[in-house]
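These notes concern the structure reproduced below.
The structure displayed is predicted, hence computed values, not measured ones.
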Amino acid sequence: MSEKVDYRSTLNLPDTAFPMRGDLPKREPAWAKAWSEQGTYKQLRDARLGAPLFVLHDGPPYANGKLHIGHALNKVLKDMIVKSKQLAGFDAQYIPGWDCHGLPIENAIEKLHGRNLSRDDMQAKSRAYATEQINQQREDFKRLGVLGDWDRPYRTMDPANEGGQIRAFKRVIERGFVYRGLKPVYWCFDCGSSLAEFEIEYADKKSDTLDVAFESNDTAALAKAFGLSGLPGEGSKKAFAVIWTTTAWTIPANQALNANPELDYALVDTPRGVLLLGAALVDKALERYQLEGSVIATARGEALRGLVFRHPLYDTDSGNSEYSYKRLSPLYLADYVSDSDGTGIVHSAPAYGVDDFNSCVAHGMKYDEILNPVQGNGAYAAELPLFGGQHIWKACARVIEVLAQSDRLMATSPITHSYPHCWRHKTPVIYRAAAQWFIRMDEGEGVFTQDKAPKTLRQLALDAIENTQFYPENGKSRLRDMIANRPDWCISRQRSWGVPVPFFLHKDSGELHPRTMEILDQAASIVEQGGIEAWSRVTTEEILGAADAPLYTKSTDILEVWFDSGSTFWHVLRGSHKNAYGRAPFHAEGPEADLYLEGHDQHRGWFHSSLLLGCALFDRAPYRGLLTHGFATDGAGRKMSKSLGNTIEPQTVTDKMGAEIVRLWVASTDYSGDLNIDDKILARVVDTYRRVRNTLKFLLANVSDFDPSTDTVAPEQMLEIDRYALSRLAALQEDILKHYNVYEFHPVVSKLQVYCSEDLGAFYLDILKDRLYTTATKSLARRSAQTALWQITQAMLRWMAPFLSFTAEEAWAVLGEAGKVAKAQTIFLETYLPLVPADEALLAKWARVRELREAVNKDIEVLRAAGQVGASLQAEVTLTVIAADHALLSSLGADLKYVFITSGITLAAGDELAIAVRPSDATKCERCWHYQSDVGSVAAHPTLCGRCVSNLYGAGEVRAFA
């Protein structure tokens, strides 16, 4: 030929509008905006109308502050589950929610506006603040690619939900679970309110231990209890019961002592007096007191019943105050006392300890006899002698000082111990007796019981746990143990911003108004129409009438916030959203939600309160399954904190790397434990993303001219390696969908990554390039390959879509750009690609081919390292294999060299594997780069091999296997 031909232009080189660089931070917002403007969520609902329902009920985050990485982790996990279920053909509802009442928002308002706001002002400012926070958080969630009903979320402060909560409360009352009682409850001075068990966490606290002596009020009775006619030094020596405590601040409120009836006790003669101690603890106690002493008698604790001792500060005041220390402390018997440490005798301040309270009440102490000098702000009442007005934590040192001055302090020393703290303020809490409303866990009477539940709430909840699926399984024992051991649930709070406890109490008797159940309905309607603010404005006279109003006080308590979120299934799924887009009620005959998903701390939070309320309302859990995830921690596994400087903000990652990287980090990490994240970890996630994206780009580029309606090759006509690729695809999809079905994502990411790099990149696509690029554009060989690639691309995009949502949507748009493909506007309207089941024989055959190919490649690599060959196409191979492998490889005929990507391969049979690799001495074809002896055999094309000439100007080469 007179002119040189540009043979590169004759190749079917891949081409696609899908860019190599994702440029995610700039391009993702457009997809998020499109989903919002096009009403994608509504399209998904319409498309699945009548399909099986799947409901993941959203655990509401607080509408308080910007999103942190934990929020992102939680919402992305939920989004992946909902999308995977949508692609599985379910009508996968996701209605995002927000927790809007309670202390976090009140605290924020107090920081902004001070603590002395009126109730009306606090409620108005809290509602406005929560609305502002929700709007900000919603945009951040949407930016993360989370699809949901963002136009119609649920908010616990919506009047319909506030009213629904009161109706739920009424139903709990009807079933006999609600009662009013004076009990010690956790109390936070910073909150100014009682706390639920869910709101407590434990941390180390430094305290002072003290051994305190209580003088015997009747030494003759004490001697008699030990079978003695008298005590040593009678008249000159005093006798004391000695207690050990770590809470010096409770001593002023002491009203009794407790001993165990089954333990042995000793009377010990010492220079300080005769001491009553647990027999097993005498030596340790005397060592602490730096005293010598001798045991003069022992007796069982049962013998101590009825002994009376004096308050250790008995002689410090005149006895004129309500809280005078000139009082006696009777000794009661109680099983909770042990001799593992201390003195074997426990001092009881019944207002400040559950065991103390129960013991004193069981022994006849009336509620109005219980001393409670500690105020809600942590200070002692002003009239408390010696310590009035002082904050209890600061007063501890003064209590110890006064005890020492009164010669009642036997010993003191510092100690660091685990102590309950408020999980919001991280400050120590106390038990404090207060009249509160409770939900009863065990047998007992409730107020206005009308339809008593068949079992105790504890038993109902334990039964419900057995019918719940846990992911991971260890969550079951954790929740079960918490339910088995929890106390009654204190549900009232003394705050402003929350759903009211709409009760009226008689000013003299404290009894509820006889029309209480009717009033609850009235309150629910008022709140439903005008919000909780409307109830705050209602007067007692408007509800009770002029005759009763002067006799009753309107309660200002609110239901604690765990009742808010714990009851959302009742007033959201059965109420405000029960007919979302015209659908029937959610699971009318069973649990409302298929799944609840939150961090593992919610075993004592939302999972816990929802379980109790579900059982209180209708004897079952409101969920079929519970999924718990760990916390986001730094690369070393440490908790994130601003002081450590190890926080990662999702907004920063999104702005710098893209939301896909946050999503892929979540998907690729085992959420059953804590999820580590730092810059190095994110860099590895970016590498994973690039590998997947590069594979996707190759696939899209090589099907850009493929029209499945006209170009698809029937399975029986496809080349064998293409049929193998589809079998491998089917097997992998089956595996992936099993993982999705049990909410496992990191195995999906791992297997997808291996599939892209090993199955495709290092094998199938590597082999395919020659056929795709060099055979005739519309040849069977090329269209067979494209048929396989088309299905691989379609399937992969669906697998990826739950976690790489933006990328899958971008690729989905590119896939239909040519206009030849009829496809949905969004990939999330699709379902997982139906595939022909895998051919197990074909999979086994090609698995062995791959093993032999890897062995050959290792030997070629040796020559490459030595500089004897460049690409593998420059090599020729003689391969000796056993008979079975010889038959297997021979079945591929002349296509074998394409599988091994060599210019020639010679097979031989032998007893063991032997590989001989040599550089080819043939000429390299300018177009296909194979080294072939027939290069130049056609004079018109002196630089081409015979097959390239045939593919360009003749009938084209025939491929059967690869």
Side-chain angles (χ1 to χ4, degrees), residues 10-18 34 38 40 43-44 46-48 51 86-89 695-730 732-733 737 760 764-765 768-769 771-801 807-839 842 951 955-962:
T10 69
L11 297 171
N12 305 306
L13 295 179
D15 183 36
T16 179
F18 188 77
Q38 294 166 6
T40 297
Q43 293 175 18
L44 301 184
D46 292 343
R48 294 290 187 270
Q86 177 77 18
L87 286 159
T695 302
L696 201 52
K697 178 178 172 63
F698 181 92
L699 294 171
L700 291 169
N702 280 285
V703 295
S704 60
D705 67 333
F706 180 78
D707 183 343
S709 64
T710 58
D711 300 334
T712 299
V713 175
E716 64 274 11
Q717 293 181 295
M718 293 177 72
L719 273 63
E720 186 175 294
I721 196 173
D722 298 331
R723 288 188 283 112
Y724 158 73
L726 291 183
S727 279
R728 179 73 189 99
L729 183 76
L732 181 56
Q733 175 162 289
L737 297 190
L760 296 181
Y764 182 58
L765 300 184
L768 216 56
K769 289 174 184 175
R771 180 155 44 107
L772 286 168
Y773 300 167
T774 66
T775 60
T777 301
K778 297 182 180 181
S779 66
L780 174 66
R782 185 164 180 270
R783 291 305 194 202
S784 174
Q786 287 182 306
T787 299
L789 294 185
W790 177 261
Q791 293 192 52
I792 290 170
T793 308
Q794 293 271 346
M796 264 187 60
L797 288 180
R798 289 162 170 81
W799 302 343
M800 292 164 46
T807 304
E809 194 77 314
E810 178 188 7
W812 186 250
V814 170
L815 202 58
E817 277 180 354
K820 300 174 182 176
V821 184
K823 67 179 189 63
Q825 187 176 17
T826 172
I827 191 170
F828 300 109
L829 288 170
E830 298 292 323
T831 55
Y832 295 119
L833 195 67
L835 297 172
V836 175
D839 183 330
L842 204 57
N951 284 331
E957 67 177 310
V958 176
R959 296 277 191 99
F961 299 97

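- Taking the side chain as every heavy atom from C-beta outward, Phe706 and Thr787 approach each other to under 4.5 Å.
- Rounded to the nearest 0.5 Å, atoms CG (Asn951) and CG (Leu11) are 10.5 Å apart.
- For the pair Trp790 and Leu815, the minimum side-chain heavy-atom distance is below 4.5 Å.
- When every heavy atom of Gln43 is checked against every heavy atom of Gln38, the shortest pair comes out as NE2-O, 2.8 Å.
- Within the 4.5 Å cutoff, the side chain of Leu726 has no heavy atoms near those of the Val836 side chain.
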Test side chain to side chain contact (heavy atoms under 4.5 Å, CB included) applied to Leu789 and Leu765, step by step: CA-CA 9 Å; Leu789 294 185; Leu765 300 184; 3.6 Å; yes
Trace of the side-chain hydrogen bond (donor to acceptor under 3.5 Å, both in side chains) decision for Ser784 with Gln717: CA-CA 8 Å; Ser784 174; Gln717 293 181 295; over 6 Å; no
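- Rounded to the nearest 0.5 angstrom, Phe961 CZ and Arg723 CZ are separated by 8.5 Å.
- No donor-acceptor distance shorter than 3.5 angstrom exists from the side chain of Thr16 to the backbone of Lys697, with no hydrogens or angles considered.
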Full working for side chain to side chain contact (heavy atoms under 4.5 Å, CB included) between Leu700 and Thr793: CA-CA 7 Å; Leu700 291 169; Thr793 308; 4.0 Å; yes
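- What you find for Ala51 and Gly89 is that their closest heavy atoms are CB-O, 3.4 Å.
- For the residue pair Ala795 and Gln733, the shortest heavy atom distance occurs at CB-OE1, 3.9 Å.
- The side-chain heavy atoms of Glu810 and Leu696, taken from C-beta on, include no pair separated by under 4.5 Å.
- Between Tyr832 and Gln794 there is no side-chain heavy-atom pair separated by less than 4.5 Å.
- Thr807 is listed as a side-chain neighbour of Phe18, based on a closest heavy-atom distance under 4.5 Å.
- When atom types are taken as modelled, the side chain of Arg48 and the backbone of Gln86 share a donor-acceptor pair closer than 3.5 angstrom.
- Checked against Gln786 for a side-chain hydrogen bond (donor to acceptor under 3.5 Å, both in side chains), the options Asn702, Asp705, Asp711 give a single hit: Asp705.
- The structure places OG1 of Thr712 at 9.0 Å from CE of Met718, a figure rounded to the nearest 0.5 Å.
- In terms of heavy atoms, Ser779 sits closest to Thr775 at OG-OG1, 3.4 Å.
- A donor-acceptor pair under 3.5 Å is absent between the side-chain atoms of Thr826 and the main chain of Leu829, judged by distance alone.
- The side-chain heavy atoms of Leu729 and Tyr764, taken from C-beta on, include no pair separated by under 4.5 Å.
- Annotation: side chain of Trp812 is in contact with side chain of Arg798 (closest heavy-atom distance under 4.5 Å).
- Arg782 places no side-chain N or O within 3.5 Å of a backbone atom of Ala776 that could act as its donor or acceptor partner.
- Here the shortest heavy-atom pairing between Ala801 and Ala808 reads CA-CB, 3.7 Å.
- Proximity of a side-chain donor or acceptor of Glu720 to a complementary backbone N or O of Ala962 within less than 3.5 Å is not detected.
- Listed here is the closest heavy atom pair of Ala838 and Ser727: CB-O, 3.4 Å.
- Between atom CD1 of residue Ile792 and atom CZ of residue Arg728 there is a gap of 10.5 Å, rounded to the nearest 0.5 Å.
- Checked for salt-bridge contact, Arg771 and Asp722 meet the test: a charged N lies under 4.0 Å from a carboxylate O.
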